[in-house]
Amino acid sequence: MRIDVLGVGFDNLTMTEAVSRGAALLEEPGCHYVVTPNPEIVEVCRENPAAMRAVNGADLVLPDGIGVVKGAAMLGTPLKEKTPGIEFAAGLMGKMAETGKSLYLLGAKPGVAEAAAERLQAQYPGLKIAGTHDGYFKEDAPVVEAIRESGADCVFVCLGAPKQELWMVEHGPATGAHLMVGLGGSLDVFAGVVERAP
Ligand code: UDP
């Protein structure tokens, strides 16, 4: 059962449980997706029914930040802990490095995903980077095709909310990847372009 915070249903998991679920989804047939809403994204969903559907339709809905956790507690339905997207991504990359899965990095300004790939490869030996693409493309089809051709198992989709959530719903299955994770500005952090938000 998910915990409702202003219409968004959050999975009540510890970080360890969330990463295990993510790793399990990678092994399942079909395309799955994970979203990591913070309070601003919950607000976006309240105004945008398509965004709300995309978020609630995810296989995993993880509370990114203390705001959602505090909100759930105030509503009398506490969540176990915050599970920030960037930490979930780190845990998942650790698992993917162990199991030899490949990762595609999509999003951010030109050059950022490549820089992130270089740093992540050094940080997680064994992690295969299947490819990268910036997030300022005009047509979706060539990007979908590039991901499909790369054979990526997992895609980090970093286009900002709610663009990334809608993109995963619309294009995820055609990419051939088993898992997509919407991660906002995380590539900028992985690339060392910006510091993680406090
Ligand atoms: N972005 C993108 N394509 C777009 C709009 C945004 O790739 O059309 C990227 C942007 O460069 C940044 C990320 O999406 O890397 C959004 O970061 P932000 O911190 O605004 O998102 P949040 O983490 O708050 O969702």
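Treat the numbers as computed from the prediction; the structure is a model and nothing was measured. Whatever order the structure lists them in is the order used to number ligands and atoms, beginning at 1.
- No donor-acceptor distance shorter than 3.5 angstrom exists from the side chain of Asp11 to the backbone of Leu62, with no hydrogens or angles considered.
- Among pairs with a residue in residues 89-118, those fulfilling salt bridge (Lys or Arg N to Asp or Glu O under 4.0 Å) read Glu27-Lys101, at least two apart in sequence or across chains.
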Determine whether Val55 and Val61 satisfy the following criterion, side chain to side chain contact (heavy atoms under 4.5 Å, CB included), listing intermediate values before the conclusion.
CA-CA 7 Å; Val55 164; Val61 183; 4.3 Å; yes
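- Near ligand 1, residues Gly107, Ala108, Lys109, Gly135, Tyr136, Cys158, Leu159, Gly160, Ala161, Lys163, Gly184, Gly185, Asp188 come within 4.0 angstrom through at least one heavy atom.
- Remark: the backbone N or O of Tyr33 is paired with a side-chain donor or acceptor of Asp59 at under 3.5 angstrom.
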Enumerate donor-acceptor pairs with a distance under 3.5 Å from any side-chain N or O in residues 173-180 to protein atoms, sequence neighbours excluded.
{"residue": "Thr175", "atom": "OG1", "partner": "Gly172", "partner atom": "O", "Å": "2.6"}
{"residue": "Thr175", "atom": "OG1", "partner": "Ala177", "partner atom": "N", "Å": "3.2"}
{"residue": "His178", "atom": "ND1", "partner": "Glu28", "partner atom": "O", "Å": "3.3"}
{"residue": "His178", "atom": "ND1", "partner": "Gly30", "partner atom": "O", "Å": "3.0"}

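- Applying the ring-ring contact (aromatic ring centres under 6.0 Å, His included) criterion to His32, with sequence neighbours excluded, gives no partner residue.
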